[in-house]
Amino acid sequence: MEARKFWCHYIGRDGNTPKRRSIELKPIGELVPALDGVGTTPLWYDREEEQSYSRTYVYYWLYAQLSDKVAVTVQRRISDADLEMLRQTDEVIEQRATNVWTEDIERCTTDEARKRMMENKRSWIESTTANRDRYFERLKMLCSFDELLLTGDHWISNACLRAFTEAESPIYPVLQALREQKLAEREARKREREKEYKQHLEEEAKKKMEEDRKERERLVEEATKFRDGKSISGSDVVELCRRCSIDIHLRTVHNLQQVIVNINGKEVTCQYYRTRGKRRPQLDGCYVVAAKLYHHLQEHYDELVNYMKECNKAA
């Protein structure tokens with residue numbers, strides 16, 4: 001068969017817009033002779049080249065013939081590597097395996113290693129043969145593209161509908177109904193995902209609200225301990241100062257969070273980490289902040305507790 005021109009329907013680069021143009025196609029039998037004349041919608045191909053930095057890649061876009069002048073893309077392309085795999089016979093695969101594995105088998109020093117190499121060789125032959133046969137069967141199914149679409153296992157694009165309309169195919173109403181069914185199922189799945197995502201957000205929000213409530217209750221307990229002259233951690237001092245609108249220098253914040261173990265605002269004493277070989281850290285700012293927070297809680301403790309309770313009620 002010689003090359004022929006068809007009105008080819010395909011999907012644009014945006015992945016959604018159906019397009020139509022005249023393309024000169026060649027029969028698939030030139031690439032894979034075993035597919036020549038197979039099926040109700042013979043396959044044709046259009047050759048395309050892609051330039052890379054170091055080499056040129058060749059691809060073959062496949063089209064299914066619907067009538068004498070109309071073809072539609074099957075949304076699949078074949079690369080040179082795919083063609084090489086399809087053209088390999090069982091003898092060629094066996095010979096390739098022999099060329100690859102013979103030297104390794106000869107280097108084996110024990111029967112167990114040699115047996116393992118033979119098993120690897122046999123496994124490689126079986127895997128390569130299975131991949132070739134599986135790829136060939138997929139192409140063979142595309143040779144009956146109309147039957148494949150009727151099974152409902154293949155997505156029916158707008159380009160397919162336009163092509164079958166132009167070809168005046170009797171199965172067009174069935175394909176349109178199948179597409180509407182697929183679209184309805186897709187919308188149902190989308191709504192289900194949105195519902196699950198919304199539930200997930202609500203659960204996360206409830207979880208965060210519960211954590212915030214527990215954190216506020218814990219801070220009230222720590223504020224009570226600090227007001228009564230007991231020691232609390234430096235991180236809690238920073239958080240209480242933030243709630244009470246007490247300004248802290250950034251270096252003091254670092255010392256309270258990273259150096260101080262616990263600190264007492266009434267006695268203005270603390271325990272802190274000290275790295276061996278380094279000087280004693282300057283903690284004057286921490287003492288000033290602790291004393292300021294202690295005196296603030298003596299006067300405004302009830303206001304802080306009421307504020308925390310209102311926050312819990314609002315949550």
Side-chain angles (χ1 to χ4, degrees), residues 1 4 6-21 23 25-46 48 59-79 81-83 85-88 126-194 196:
M1 296 176 65
R4 291 173 52 185
F6 292 90
W7 285 109
C8 297
H9 294 258
Y10 60 97
I11 297 295
R13 292 187 179 275
D14 62 352
N16 188 38
T17 305
K19 295 188 175 182
R20 170 182 179 269
R21 67 187 176 97
I23 305 176
L25 303 179
K26 296 181 180 179
I28 192 65
E30 295 183 4
L31 299 179
V32 188
L35 294 176
D36 190 13
V38 175
T40 57
T41 56
L43 290 180
W44 299 69
Y45 74 89
D46 179 36
E48 180 186 44
Y59 297 99
Y60 305 92
W61 288 96
L62 300 183
Y63 292 83
Q65 179 184 351
L66 303 183
S67 67
D68 293 339
K69 296 183 179 180
V70 181
V72 61
T73 178
V74 296
Q75 298 180 357
R76 178 177 290 275
R77 65 181 186 180
I78 302 177
S79 65
D82 298 331
L83 276 181
M85 177 184 64
L86 288 170
R87 290 169 177 170
Q88 289 180 354
E126 293 176 354
S127 175
T128 304
T129 304
N131 289 337
R132 180 203 62 188
D133 296 340
R134 186 162 50 249
Y135 199 94
F136 179 80
E137 287 300 322
R138 285 201 297 264
L139 292 180
K140 191 175 179 181
M141 290 173 59
L142 293 175
C143 290
S144 298
F145 191 58
D146 51 355
E147 298 177 1
L148 178 63
L149 293 179
L150 290 175
T151 62
D153 297 332
H154 195 280
W155 172 248
I156 303 173
S157 64
N158 285 328
C160 286
L161 291 181
R162 292 195 177 190
F164 278 92
T165 302
E166 185 176 350
E168 299 179 353
S169 174
I171 66 172
Y172 168 75
V174 181
L175 295 180
Q176 189 176 21
L178 285 174
R179 174 177 168 82
E180 292 176 355
Q181 179 183 349
K182 290 287 185 180
L183 288 174
E185 294 175 357
R186 176 184 289 185
E187 288 297 324
R189 289 194 299 268
K190 182 180 178 181
R191 288 193 298 269
E192 185 66 23
R193 287 195 299 267
E194 291 176 350
E196 292 177 356

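Treat the numbers as computed from the prediction; the structure is a model and nothing was measured. In what follows, residues are counted from 1 in the order of the sequence shown. Computation of the quantities below employed the complete heavy-atom set of this structure, encompassing side-chain atoms and omitting hydrogens, waters and symmetry-equivalent molecules.
By the 6.0 Å contact criterion, CE on M141 is open, its count of non-hydrogen atoms from other residues, nucleotides or ligands being 12 or less.
Summarising the geometry, atom CG belonging to L62 is positioned 11.0 Å from atom CZ belonging to R77; distances are rounded to the nearest 0.5 Å. Considering CG of L43 and CZ of F145, their distance stands at 9.5 Å, rounded to 0.5 Å. Note that the CD atom of E185 and the CD atom of E180 stand 12.5 Å from one another [nearest 0.5 Å]. A distance of 8.5 Å separates CZ of R193 from NZ of K190, quoted to the nearest 0.5 Å. To the nearest 0.5 Å, atom CH2 of residue W155 and atom CG of residue L183 are 4.0 Å apart. Atom CG in D82 sits 9.0 Å away from atom OH in Y59 (nearest 0.5 Å).
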Let me check something: any side-chain donor-acceptor pairs from residues 162-179 under 3.5 Å, sequence neighbours excluded? List them with distances.
{"unit_1": "T165", "atom_1": "OG1", "unit_2": "L161", "atom_2": "O", "d": "2.7"}
{"unit_1": "E166", "atom_1": "OE1", "unit_2": "H9", "atom_2": "NE2", "d": "2.6"}
{"unit_1": "E166", "atom_1": "OE1", "unit_2": "R20", "atom_2": "NE", "d": "3.0"}
{"unit_1": "E166", "atom_1": "OE2", "unit_2": "R20", "atom_2": "NE", "d": "3.4"}
{"unit_1": "E166", "atom_1": "OE2", "unit_2": "R20", "atom_2": "NH2", "d": "3.0"}
{"unit_1": "S169", "atom_1": "OG", "unit_2": "I171", "atom_2": "N", "d": "3.4"}
{"unit_1": "R179", "atom_1": "NE", "unit_2": "N158", "atom_2": "OD1", "d": "3.3"}
{"unit_1": "R179", "atom_1": "NH1", "unit_2": "I156", "atom_2": "O", "d": "2.6"}
{"unit_1": "R179", "atom_1": "NH2", "unit_2": "N158", "atom_2": "OD1", "d": "2.9"}

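Side-chain contact between I23 and W61: absent, with no pair of heavy atoms (C-beta onward) separated by less than 4.5 Å. Counting heavy atoms from C-beta on, the side chains of Y60 and E30 never come closer than 4.5 Å. The shortest side-chain heavy-atom distance between L139 and I28 does not fall under the 4.5 Å cut-off. In this structure, the side chains of Y45 and V32 stay at 4.5 Å or more apart for every pair of heavy atoms.
F6 is linked by a ring-ring contact (aromatic ring centres under 6.0 Å, His included) to W44, counting only residues two or more places apart in sequence or in another chain. Checked against side chain to side chain contact (heavy atoms under 4.5 Å, CB included), E147 has the following partners two or more places apart in sequence or in another chain: T40, S144.
Closest heavy-atom contact between T73 and Y10: CG2-CA, 3.5 Å. The shortest non-hydrogen separation linking I11 to P18 is CD1-CA, 4.2 Å.
D36 places no side-chain N or O within donor-acceptor distance of the main-chain N or O of P33, the cut-off being under 3.5 Å. T129 places no side-chain N or O within donor-acceptor distance of the main-chain N or O of E126, the cut-off being under 3.5 Å. Distance alone, capped at 3.5 Å, is enough to place a donor-acceptor pair between the R87 side chain and the L31 backbone. A donor-acceptor pair is defined here as one N or O able to donate and one able to accept, closer than 3.5 Å; no such pair exists between the side chain of K182 and the backbone of H154. Between the side chain of T41 and the backbone N or O of Q65 there is no donor-acceptor pair closer than 3.5 Å.
Between the side chains of T128 and N131, not a single donor N or O lies within less than 3.5 Å of an accepting N or O.
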